[in-house]
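Structure, as structure tokens:
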Amino acid sequence: MKTVDGCKYSNPNLSDPDNEETALQTCYMPTPYQQGQPIANYAPQQAMPGPTVIAMQPNVAVVRQPVPKDYLCLSIVNLLLCCMPLGIAALIYSCKTQDSLRYGDMNSAVSNSRTSFKLNMVALGIGIVLNLVWIGLVIYINVAATQYINSYYVNG
């Protein structure tokens with residue numbers, strides 16, 4: 001067995017142990033590169049059999065989040081028709097949502113959109129209840145006035 005450049009040659013042909021054509025080559029690779037240490041005299045004689053390691057980059061999935069709504073039209077309708085104080089607050093949060101979207105701040109845009117939606121729903125609920133109370137009051141007053149007028153003219 002003879003050693004050349006870190007590789008050991010052994011010849012299974014016992015009749016001619018120095019014949020390099022029939023020799024089997026066994027090379028020992030140097031230790032892996034350590035950070036801060038230079039790689040010296042690394043020139044393998046042939047490729048070593050074994051598994052091939054391929055470093056792959058991780059896949060990146062870009063998921064688009066839906067753009068939060070600003071509920072501006074609903075805020076204006078609630079401001080004019082339902083409940084003015086909550087409509088004003090909802091309108092302010094609607095404008096804040098638009099500003100946050102313009103600056104790319106999705107977290108505050110989502111938060112402002114939710115607040116605007118909640119204020120709009122409360123204002124809409126209050127507006128519906130107040131309108132129903134108003135309609136009931138008008139009906140009650142008309143019925144009472146009609147009964148009073150009828151009793152005045154009948155008893156009269």
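Atoms considered below: every heavy atom in the structure, side chains included; atoms not considered: hydrogens, waters and symmetry mates.
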Can you measure from [atom1] ([X]) to [atom2] ([Y]) and round to the nearest 0.5 angstrom?
X: I76; Y: L72; atom1: CD1; atom2: CG; answer: 4.0 Å
X: I135; Y: L130; atom1: CD1; atom2: CG; answer: 11.0 Å
X: L124; Y: C83; atom1: CG; atom2: SG; answer: 10.5 Å
X: Q98; Y: Y71; atom1: CD; atom2: OH; answer: 13.5 Å
X: S75; Y: I92; atom1: OG; atom2: CD1; answer: 10.0 Å

Within-4.5 Å side-chain heavy-atom neighbours: R114 and P68
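Of all side-chain heavy-atom pairs linking P68 with R114, none is under 4.5 Å.
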So, the side chain of [X] versus the backbone of [Y]: is there a donor-acceptor pair under 3.5 Å, distance only?
X: S111; Y: N107; answer: no
X: S113; Y: T97; answer: no
X: S116; Y: Y93; answer: no
X: N78; Y: N120; answer: yes

Can you tell whether the side chains of K96 and D99 come within less than 4.0 Å, N to carboxylate O?
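Here K96 does not pair with D99 in a salt bridge, since their nearest N and O are not under 4.0 Å apart.
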Is it true that Y140 and Y148 fall in one hydrophobic cluster, defined by side-chain heavy atoms closer than 4.5 Å?
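No, Y140 and Y148 fall in different hydrophobic clusters.
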Of all heavy-atom pairs between G87 and A123, which one has the smallest distance, and what is that distance?
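The pair with the smallest heavy-atom distance is N-CB, 4.4 Å.
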Among V67, N112, V110, D70, exactly one meets side-chain contact (heavy atoms from CB on, under 4.5 Å) together with L101. Which residue is that?
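Result for side-chain contact (heavy atoms from CB on, under 4.5 Å) with L101: V67.
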